[in-house]
Structures are given as structure tokens and as C-alpha cells.
Number of protein chains: 2
Amino acid sequence: MTAPARKRNTWQREAVRSALGADDGFVSAQGLHSTLRESGSPIGLATVYRALAELATEGEADSLQSPEGESLYRACTPGQHHHHLICRNCGLTVEIEADAVERWAQSVASEHGFTQPHHVVDVFGLCAACSRAR
Amino acid sequence: MTAPARKRNTWQREAVRSALGADDGFVSAQGLHSTLRESGSPIGLATVYRALAELATEGEADSLQSPEGESLYRACTPGQHHHHLICRNCGLTVEIEADAVERWAQSVASEHGFTQPHHVVDVFGLCAACSRAR
DNA sequence: TGTACTATTGATAACGAATCTCATTACCGT
DNA sequence: ACGGTAATGAGATTCGTTATCAATAGTACA
């Protein structure tokens with residue numbers, strides 16, 4: 001066999017993980033990068049993009065596309081599938097469990113002969129605080 | 001009062017509308033533009049973008065973000081709100097009525113104090129034909 | 001502890017979708 | 001017809017994201 005090819009632990013990856021966990025809303029890669037830089041970290045932008053993509057595929061982070069097409073990330077409670085209720089003003093996010101929607105997506109797909117269904121279900125709105133502030 | 005400021009009808013807008021209606025899946029602005037060019041039309045890219053955006057706001061077209069972040073458009077049956085079941089291989093699309101999901105989104109939002117809820121609900125999968133072809 | 005191997009980083013270039021600019025075109029009420 | 005002006009389109013521009021590649025720094029092993 002060939003060499004092992006192991007994954008390495010770097011402070012950069014850890015910095016991204018912790019910065020993501022410190023924010024309770026969805027953040028863009030660019031935003032997270034400036035946050036880190038402002039707090040003194042010399043981390044590079046490309047690295048932030050790479051780390052976020054990796055965290056997302058490993059299931060440690062949720063990702064979604066903002067209505068403007070930007071990719072946003074958020075640390076998530078690992079394990080099962082869940083959706084989000086997101087304030088389009090301040091970014092506040094609430095995780096939503098929705099077994100009913102889960103089952104609905106499954107059945108709608110198979111009813112039409114579709115396989116390997118993957119659904120996108122997110123609700124954008126104004127949170128209580130932002131609603132009041134208008 | 002000032003001048004009237006009316007909207008004008010151009011063959012370009014009509015070309016986009018008809019090309020959109022001729023396709024039964026979701027299409028990108030760029031894709032629609034090349035289709036039109038290939039069929040001999042000298043229409044410009046910026047115009048296609050403008051026409052699609054306008055059709056979307058007028059309710060004549062549905063738009064959504066592909067998982068890659070690209071904006072996709074599709075002629076839709078005007079009137080009420082609906083969702084989509086989309087083949088991620090060939091683009092085949094089925095419109096879905098989902099009053100249940102509609103109500104669910106509303107109630108989840110208000111339960112958490114959110115106002116002006118707007119939801120994104122789409123199911124991606126492999127249609128029957130594409131499933132078979134694997 | 002030192003050393004070699006190579007995964008990872010990061011500055012920057014490259015890319016691509018979408019928007020903006022502005023001179024030209026052509027729709028449409030008169 | 002004519003004229004005011006909405007609409008067009010080629011190209012430049014913006015901006016998010018990915019690719020490049022030399023330099024750096026984890027990690028296994030002697």
C-alpha cells in the first residue's frame with residue numbers, strides 16, 4: 001500500500017470552528033474572515049472558505065444560500081436533519097424540527113417517481129425584536 | 001403632473017417569455033441567452049437578465065437558487081403560491097401544491113415571534129427516467 | 001530530538017454570475 | 001411622420017468563490 005495520508009490539525013481550522021460556534025446566526029465566509037482578522041488572527045481568506053466547506057460536508061455546519069445567492073454557514077447541532085427560521089434583518093436563527101415536513105418531502109417525491117430526494121426548507125422573516133423596531 | 005412613463009413592448013421581452021415557456025424545467029439566464037442566440041436571435045445578455053427579473057417580479061416566472069447559487073427561472077402558472085420538485089440531473093420540474101406546508105411555515109414563524117414570513121421550499125431529486133438511467 | 005514527507009496554508013490570479021454605464025435604437029402617443 | 005424617452009446591448013465593473021503554487025508546518029518514524 002501507499003502512504004497513510006492523514007488529516008492534520010491546524011489552529012486555523014480550529015479558529016474557524018470556534019468563530020462559527022461563537023455566532024448564533026448564519027455568517028458568510030467573507031464575514032467570518034473579517035471577524036477573525038479583526039480579532040487579531042492572520043488567517044487567510046482561502047483557508048476560511050476551505051474550512052467552512054469541510055465543516056459543512058462533515059456535518060458540523062449547516063449551509064444555505066441567502067436570497068442574494070451568497071453562501072451562509074452556521075454551526076449546527078450534529079445528528080439529525082433540521083431546518084431554520086431566519087431573521088432577514090439581524091440574522092438571528094432558530095433551528096426547527098419538522099418531522100412532518102420531512103415525511104411530506106419524501107412522499108411527494110416518491111409519488112412522482114423521484115428518488116434520492118433532498119429538500120431545501122427555510123423560513124425567512126423578521127424576528128420579534130426587528131419587527132418591533134420598524 | 002409629469003410625463004406618463006409607460007411600459008413598452010419589445011420583441012426581446014417576448015422572445016424571453018416564449019423561450020421560457022418552451023422549456024419545461026428551470027433555466028439559468030445565461031443558458032436561456034445561449035439558447036436564444038443559437039436559434040438566431042441577436043438578443044443581448046443584459047436584456048435577458050432584465051427580462052427574467054421583470055417576469056419574476058410580475059409573477060409570470062418562478063425563480064430559485066440552484067444548490068450552486070445560480071438563479072434559475074421557469075414559466076409558472078400564475079396565481080397562487082406553489083413549490084417545486086426538481087430533477088437535479090435533467091431539470092424536469094413538477095409544480096407542487098402544499099397548503100399544509102404553507103400553514104406550517106406560518107405557524108412556526110409566529111410561534112417564535114417572527115413576522116412577514118417568506119419560505120423557501122423545494123425538493124431536489126432524480127426523476128424516474130434519470131433514476132433508471134443509473 | 002531530529003528529519004523527511006507531505007498536507008495545509010495564504011497571497012494573488014483567475015473565474016463566473018450578475019449588475020452598471022451610456023451611447024444608440026426603436027416603441028408609441030400625438 | 002415626429003419627438004420624447006423607455007429599452008437595448010457591448011463592454012466594463014463588481015463581487016463571491018475557486019485555482020495556483022511556493023512556502024510553511026503537522027506528524028510519523030528513526
Side-chain angles (χ1 to χ4, degrees), chain A residues 1-20 23 25-58 60-74 91, chain B residues 1-20 26-58 60-74 91:
Chain A
M1 279 301 165
T2 63
R6 303 175 53 86
K7 180 150 72 166
R8 297 177 182 176
N9 295 322
T10 63
W11 63 265
Q12 285 95 332
R13 207 186 311 275
E14 198 48 47
V16 170
R17 203 202 312 268
S18 107
L20 198 61
D23 197 300
F26 275 87
V27 212
S28 68
Q30 313 240 23
L32 197 65
H33 179 243
S34 4
T35 302
L36 285 165
R37 295 299 279 251
E38 280 163 21
S39 71
S41 169
I43 195 170
L45 179 58
T47 303
V48 173
Y49 271 101
R50 281 187 287 242
L52 286 174
E54 200 174 320
L55 289 173
T57 57
E58 283 171 359
E60 284 196 64
D62 278 327
S63 71
L64 58 80
Q65 310 275 132
S66 78
E68 291 75 40
E70 210 179 3
S71 287
L72 303 180
Y73 300 85
R74 177 171 189 269
Chain B
M1 283 302 169
T2 62
R6 305 176 52 86
K7 178 149 72 163
R8 296 177 183 176
N9 295 323
T10 63
W11 64 264
Q12 286 95 330
R13 205 186 307 276
E14 196 49 45
V16 169
R17 204 201 312 267
S18 107
L20 199 61
F26 274 87
V27 212
S28 68
Q30 312 243 20
L32 197 65
H33 179 242
S34 7
T35 302
L36 285 165
R37 295 299 280 251
E38 278 163 22
S39 71
S41 169
I43 194 171
L45 179 58
T47 303
V48 173
Y49 271 100
R50 281 187 286 242
L52 286 175
E54 200 174 319
L55 289 173
T57 57
E58 284 171 358
E60 284 196 63
D62 277 326
S63 70
L64 60 81
Q65 310 271 130
S66 77
E68 292 75 40
E70 211 179 0
S71 286
L72 303 180
Y73 299 85
R74 177 172 188 267

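Each chain gets a letter, A, B and so on, in the order its sequence line appears, and its residues count up from 1. Computed from a predicted model, the values in this text were never measured in an experiment.
The CG atom of A:Asn9 sits 22 Å away from the P atom of D:dT24 (whole-angstrom rounding). Spacing between atom CG of B:Leu45 and atom C1' of D:dT13 amounts to 14 Å, rounded to whole angstrom units. Per the geometry, CG belonging to B:Leu64 stands 16 Å off P belonging to C:dA17, to the nearest Å. For A:Ile43 and D:dA25, the CD1 to C1' distance is 15 Å, given to the nearest whole Å. Atom-to-atom, NZ of B:Lys7 to C1' of D:dT5 comes out at 16 Å; the value is rounded to the nearest Å. For B:His33 and C:dT19, the NE2 to C1' distance is 15 Å, given to the nearest whole Å. The CD atom of A:Glu68 sits 19 Å away from the P atom of C:dA17 (whole-angstrom rounding). For the pair A:Tyr73 OH and D:dG16 P, the interatomic distance rounds to 13 Å; values are reported in whole Å.
Ranking C:dC28, C:dA11, D:dG9 by closeness to the B:Thr47 side chain, first place goes to D:dG9. Taking the side chain of B:Arg50 as heavy atoms from C-beta on, and the options C:dG10, C:dA11, C:dT21, the nearest nucleotide is C:dT21. Residue B:Gln30 places its side chain closer to C:dA18 than to any other of C:dG10, C:dA18, D:dA10. Nearest nucleotide to the side chain of A:Trp11, out of D:dA6, D:dG26, C:dC20: D:dG26.
A:Arg74 CZ to A:Leu52 CG: the interatomic distance, rounded to the nearest 0.5 Å, is 14.0 Å. Here CD of A:Glu54 is found 4.0 Å from NZ of A:Lys7. Values are rounded to the nearest 0.5 Å. The CG atom of A:Leu55 sits 11.5 Å away from atom CG of A:Asp62, with the distance rounded to the nearest 0.5 Å.
Between B:Tyr49 and C:dA18 there is a side-chain polar atom (N or O) within less than 4.0 angstrom of OP1 or OP2. Within the 4.0 Å cut-off from OP1 or OP2 of C:dA26, not a single side-chain nitrogen or oxygen of B:Arg8 is found. A sub-4.0 Å separation between OP1 or OP2 of C:dA26 and a side-chain N or O of B:Thr10 is absent.
Checked by distance alone, A:Arg13 brings no side-chain donor or acceptor within 3.5 Å of a matching partner on the base of D:dG26.
Note on B:Ser28: nothing from the nucleic acid sits closer than 4.0 angstrom, heavy atoms only.
When each of B:Gly44 and A:Ala29 is assigned the nucleotide of DNA chain D bearing its nearest heavy atom, the one mapping closer to the 5' terminus is B:Gly44. The residue among B:Ala53 and B:Gln12 whose nearest nucleotide of DNA chain C lies closer to the 5′ end is B:Ala53.
In terms of heavy-atom proximity, A:Leu20 sits nearest to A:Val27 at CD1-CG2, 4.5 Å.
The backbone N or O of B:Thr47 lies less than 3.5 Å from no partner atom in the side chain of B:His33, so there is not a single donor-acceptor pair.
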